[in-house]
Amino acid sequence: MAPGAKSAAARGKPSKANTEARSLKRKRGQDDVEKLRKAVDKLDIKSPDIKSFTDLPLCSATSTGLRASHFETLTDVQKVAIPLALKGKDILGAAKTGSGKTLAFLVPVLEALYRAQWTELDGLGALIISPTRELAVQIFEVLRKIGRKHTFSAGLVIGGKSLREEAERLGRMNILVCTPGRMLQHLDQTAGFDVDNLQILVLDEADRIMDLGFQSAVDALVDHLPKDRQTLLFSATQSKRVSDLARLSLKDPEYVSVHEEATSATPTNLQQHYIVVPLAEKLETLWGFLRANLKSKIIVFLSSGKQVRFAYESFKRMQPGISLLHLHGRQKQLARLEVTSRFGAAKFACLFATDVVARGVDFPAVDWVIQADCPEDADTYIHRVGRTARYESKGKAVLFLEPTELAFLKRLEHKKVPIQKVNVKETKKKSITDQLQSLCFQSPDLKYLGQKAFISYTRSIYLQKDKEVFKFKKLDLDAFAASMGLAGAPQIKFQKGEDVKRLKNASREAMSSGSESDYEGGEGKKSKKDEVRTKYQKMAERQNQDVLSSHYRKLLGDDDENNNGGEDDEQDFLAVKRVLGDDDLDKAAEDGTKDQGMPKVIQLGKSELVIDSNRREKLLKSKKKLLKFMDKPTKLVFDDDGNAHSLYELQDEDDFKQEGPAARLREQFVETEATKVREADVEDKQAAKDRRREKRDRAKARERGEELAQLEQQSARLVSDSDDDEMDEDPLALLRSLPMLDDRDRDDSDGGDDEPPKKKAKKWFQDDSDDERAQLAAKNKKKNGKKVIEMDHEPDNLQDLEALATGLLED
Ligand SMILES: Nc1ncnc2c1ncn2[C@@H]1O[C@H](COP(=O)(O)OP(=O)(O)OP(=O)(O)O)[C@@H](O)[C@H]1O
């Protein structure tokens with residue numbers, strides 16, 4: 001490059017050569033786009049020659065990205081869906097799990113924007129919606145890989161960051177991958193976020209997104225989007241419901257169902273089995289399975305987050321010899337992402353999960369999918385087992401069926417799911433009930449988790465729609481509770497009219513009741529993050545955790561519930577109340593209320609003291625302080641036999657009559673009581689007199705001390721005024737200088753000006769009113785560090801004064 005050109009570039013001014021090069025490039029780009037458009041128009045979508053990505057009219061950026069990501073051969077669904085989508089058709093795509101649907105929509109997205117020569121200034125061109133954050137992250141990663149040579153900006157909108165932080169970037173994005181709730185929140189609240197140019201809308205796991213749980217969010221979201229756009233819907237279990245198509249304003253959609261004719265709805269390289277396991281043997285069967293497959297990568301699906309937590313926590317403590325992970329919708333986003341990436345990278349591991357990863361998530365090389373809890377329907381079954389045997393790999397799946405759930409096999413058959421029965425080897429069976437029992441005994445946390453897991457499982461069964469499969473009444477709940485290590489089956493009550501799917505879909509924020517939020521339907525709701533709540537308040541708020549909640553709310557004094565009238569009963573799933581007797585007080589004080597699982601309630605007389613904070617816990621250590629919480633004491637008298645009686649008791653009427661006429665008895669009673677009062681009065685007066693005398697004597701003694709203090713001050717002053725040498729020479733000089741009684745008397749009578757004589761004189765004759773002053777003086781004395789010499793009489797002669805002076809000097 002010429003020096004001149006270099007300096008021009010350095011100054012930021014494009015050189016003539018550069019400008020020419022750029023316009024040439026643009027021209028070539030336009031030519032390319034034009035060629036591509038023509039090639040797409042000419043593309044025969046039914047051509048058997050379309051086998052690999054190179055057979056498709058794709059721009060070089062996309063082709064390079066695909067090649068660099070090692071994607072060459074097209075999968076069945078890609079062969080059919082990509083050409084149609086390139087031609088701008090709306091698509092309803094259905095293909096088996098792991099068959100490559102992600103690329104079937106990502107490639108057309110990149111191509112559509114490329115051909116439209118989309119730039120940053122054009123705003124949002126494509127929106128891809130996923131039901132879960134995990135899946136959204138995964139789609140975004142694939143997009144980044146294959147789109148690496150494109151210049152489009154792409155973003156992930158799944159929450160987790162502040163709305164404002166996300167909003168700042170939204171305006172600059174060309175492609176967004178999002179979950180419905182969060183996206184809707186932005187569309188509603190982010191000023192200047194313009195989606196009017198949107199070219200393509202994609203719904204992955206479309207049947208799920210069109211489902212009840214997302215209905216309102218998706219409808220509202222679609223309302224914001226322009227009608228004139230291309231729409232692509234994909235799922236392994238696609239529905240062709242006309243109502244759904246109308247909701248999304250699809251225009252003559254092409255139905256791509258490459259495996260419709262297949263004999264099985266699940267991948268052919270997937271082996272599927274079921275075992276019949278009574279509910280009470282489920283955990284030990286699972287344990288036995290894990291112990292027998294330590295060198296495997298396993299996903300265990302359970303029906304609720306609470307069960308996931310219980311299975312994970314209890315198995316972890318029992319150390320099966322395989323690394324355990326757990327994932328459910330109530331975990332924080334960061335933890336969820338960390339678990340997915342850890343499990344993805346692991347060679348051997350077991351992941352306990354809810355349906356949060358049932359759909360779409362592409363963990364590599366999963367060997368086993370265990371469905372320890374029967375899924376709610378056959379579609380969920382298909383998606384769950386689809387986490388293994390993906391693309392061309394093999395996989396195995398086992399479904400645990402309770403003997404009462406065998407009707408589920410019919411549902412599977414109807415959906416063309418080939419499944420075979422197997423039995424667990426007797427030698428592999430091993431009870432873990434004792435271990436779980438002792439674990440629950442040792443750890444109240446685990447026990448509490450177990451109770452919650454028990455309730456959430458039974459509740460989910462009760463709420464299932466398919467009553468032919470899920471027969472709540474036939475379950476042996478006591479045996480189930482025992483198998484979890486619980487001492488008894490927690491008491492449960494169900495709310496009428498609950499819908500299991502609705503509960504499951506509702507977000508964590510939306511449901512104060514705390515049901516699982518495995519999908520991201522309503523995450524746009526306002527969070528209560530800013531409120532500071534205690535652990536017990538949080539426990540109380542989780543109504544749907546079913547255990548103890550209403551009880552805690554009552555303990556916390558929340559009157560709302562008490563005002564609910566009839567609702568009270570409905571919400572009172574289980575009432576567990578720990579009331580400690582007085583005997584427990586010391587014990588509780590000793591252990592400092594170690595049981596952190598629940599607040600303690602101490603019965604104090606008729607009232608209850610709730611120990612729900614550290615401050616109150618400390619209270620336990622002071623019985624004195626506890627007294628203030630007690631009712632007023634009742635005075636009792638004890639008879640000779642040691643029986644307690646209240647102070648006044650009615651006498652037996654017959655006994656009373658035998659004692660004589662009532663009037664006489666009354667007179668007698670009045671007389672004896674009056675005598676008692678008179679005697680007591682005399683005693684009281686005497687006692688009062690004695691007290692006064694004692695007080696006077698004490699005051700006198702203090703007064704004398706005061707006087708001595710005065711003397712000391714005087715002597716001290718004298719000492720300081722006199723010459724030190726002189727003192728050394730004549731120690732009696734001080735003594736001689738002491739004021740003599742006669743002098744004072746004289747001063748008194750004379751009313752001389754030198755000293756305040758009255759004050760001085762008074763010191764030896766103290767009355768009650770002088771008490772305070774005397775005390776003050778005594779205090780001053782002590783401050784000066786001098787000893788107060790107490791005399792029981794006035795120093796009325798020289799000896800006394802000598803004694804006083806000696807005392808002072810000695811000091
Ligand atoms: N053309 C291809 N060549 C090689 N591998 C591919 C191809 N297309 C997809 N794959 C791989 O197949 C796996 C499954 O793909 P993908 O996740 O898109 O499946 P899916 O149909 O969306 O599954 P699900 O229904 O579970 O969501 C991925 O690991 C992906 O990388």
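Residue numbers count from 1 along this sequence.
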Subject >> Short side-chain donor-acceptor distance under 3.5 Å, Ser130 and Asp204 >> reply: no
Subject >> Side-chain donor-acceptor pair present, Ser443, Arg317, cut-off under 3.5 Å >> reply: yes
**OP:** Answer with yes or no after comparing the ring centroid distance for Phe310 and Phe454 against a 6.0 Å cut-off, counting only values under it.
**Re:** no
Original post:
Just checking, any donor-acceptor pair under 3.5 angstrom between side chains of Ser235 and Gln238?
Top reply: no
Original post:
Cut-off 3.5 Å, side chains only: do Gln272 and Thr266 have a donor facing an acceptor?
Top reply: yes
Subject >> For Glu392, all residues meeting side chain to side chain donor-acceptor pair (under 3.5 Å), sequence neighbours excluded >> reply: none
Original post:
Quick one: are the ring centres of His326 and Phe352 less than 6.0 Å apart?
Top reply: no
Original post:
For Tyr381, is the NZ or CZ atom of Lys415 found under 6.0 angstrom from the centre of its six-membered ring and inside 45 degrees of the ring axis?
Top reply: no
Original post:
Strictly by modelled atom types, are Ser303 and Gln307 linked by a side-chain donor-acceptor pair under 3.5 Å?
Top reply: yes
**OP:** Before giving the answer on side-chain hydrogen bond (donor to acceptor under 3.5 Å, both in side chains), spell out for Arg336 and Gln331 the whole-Å C-alpha distance, their side-chain angles and the decisive distance to 0.1 Å.
**Re:** CA-CA 6 Å; Arg336 278 166 69 166; Gln331 278 166 313; 5.8 Å; no
Original post:
Charged N to carboxylate O under 4.0 angstrom, Lys410 versus Glu413?
Top reply: no
Original post:
Can a donor-acceptor pair be found between the side chains of Tyr274 and Glu405 at a distance below 3.5 Å?
Top reply: no
Original post:
Listed by chain and number, what are the side chain to side chain contact (heavy atoms under 4.5 Å, CB included) partners of Thr433, not counting sequence neighbours?
Top reply: Glu284, Ser431, Gln437
